[in-house]
Peer 1: 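Mind looking over this structure? Questions follow.
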Amino acid sequence: MGSRVKRISFSDKVYALCKKIPKGKITTYKIIGRELGRRGQIYRAVGVALNKNKSKSVPCHRVVKSTGNIGGFARGVNVKIKLLKKEGIMIKNRKIVNFEKVLFRF
DNA sequence: GTCGTGACTAGCC
DNA sequence: CGGCTAGCCACGA
């Protein structure tokens, strides 16, 4: 009976979590990695996964650095900032304002 | 099976 | 406060 093989890769899990992020909130690469249950600094792989998935089907623009910096974006950091601002996130100097207030924890 | 890359993080001066 | 280095993980060729 168990012919249901879920070939879910690490990257796929990252996308799933990104979709879980509510509008107006953001998260960090570290938190995502931590939710995946892996030990160590896997946040590096998280960025790589999102970078390859430049599809807008995933709100990956809601993911920022743990330091509150915007980080990067496959379409351009400028676009990322604009999207976040539209969601209600305040950004100044490429940094998140009230970072802890808009930070979403799983 | 091995090597290199990348949207990161923390520590140090 | 600001900038730089080293370390770690997953994926592709």
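When reading the values below, keep in mind they use all heavy atoms of this one structure, side chains included, and skip hydrogens, waters and symmetry mates. This one's a predicted model, so the numbers in the text were calculated from it and none came from an experiment. In what follows, every chain begins at residue 1, and chains take the letters A, B, ... in the order their sequences are listed.
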Peer 1: Check side-chain contact (heavy atoms from CB on, under 4.5 Å) between A:Lys54 and all other residues, then give those that pass, not counting sequence neighbours.
Peer 2: A:Ala74
Peer 1: Using heavy atoms and a sub-4.0 Å distance, could you list which residues of residues 54-71 of chain A are near DNA chain B? By number, please.
Peer 2: A:Cys60, A:Lys65, A:Ser66
Peer 1: Among residues at least two apart in sequence or on other chains, which ones pass side-chain contact (heavy atoms from CB on, under 4.5 Å) with A:Arg38?
Peer 2: A:Leu36, A:Ile42
Peer 1: Would you list the pairs meeting salt bridge (Lys or Arg N to Asp or Glu O under 4.0 Å) in which at least one residue belongs to residues 11-26 of chain A, sequence neighbours left out?
Peer 2: none
Peer 1: Side chain to side chain donor-acceptor pair (under 3.5 Å): which pairs involve residues 72-82 of chain A, sequence neighbours left out?
Peer 2: none
Peer 1: Kindly state each residue pair satisfying ring-ring contact (aromatic ring centres under 6.0 Å, His included) with at least one member in residues 13-53 of chain A, sequence neighbours excluded.
Peer 2: none
Peer 1: Based on Watson-Crick and G-U pairs with both distances under 3.5 Å, what dot-bracket line describes DNA chain C 5' to 3', crossing pairs as [ ] and inter-strand pairs as |?
Peer 2: .||||||.|||||
Peer 1: Kindly give the atom pairs (protein nitrogen or oxygen, nucleotide nitrogen or oxygen) under 3.5 Å for nucleotides 2-4 of chain B.
Peer 2:
none

Peer 1: Please tabulate, one pair per line, each protein N/O and nucleotide N/O from nucleotides 11-13 of chain C that are separated by under 3.5 Å, including the distance.
Peer 2:
unit_1: C:dC11; atom_1: OP1; unit_2: A:Phe10; atom_2: N; d: 3.4

Peer 1: Name each donor-acceptor pair under 3.5 Å that joins a side chain in residues 94-105 of chain A to protein atoms two or more places apart or in another chain, with its distance.
Peer 2:
none

Peer 1: List the atom pairs, donor and acceptor, that lie under 3.5 Å between side-chain atoms in residues 56-73 of chain A and the rest of the protein, sequence neighbours left out.
Peer 2:
unit_1: A:Ser57; atom_1: OG; unit_2: A:Ser55; atom_2: OG; d: 3.3
unit_1: A:Arg62; atom_1: NE; unit_2: A:Glu87; atom_2: OE1; d: 2.9
unit_1: A:Arg62; atom_1: NH1; unit_2: A:Ile21; atom_2: O; d: 2.9
unit_1: A:Arg62; atom_1: NH2; unit_2: A:Glu87; atom_2: OE1; d: 3.0
unit_1: A:Arg62; atom_1: NH2; unit_2: A:Glu87; atom_2: OE2; d: 3.2

Peer 1: Can you sort out which residues in residues 16-30 of chain A have a heavy atom within less than 4.0 Å of DNA chain B? Ascending by number, please.
Peer 2: A:Tyr29, A:Lys30
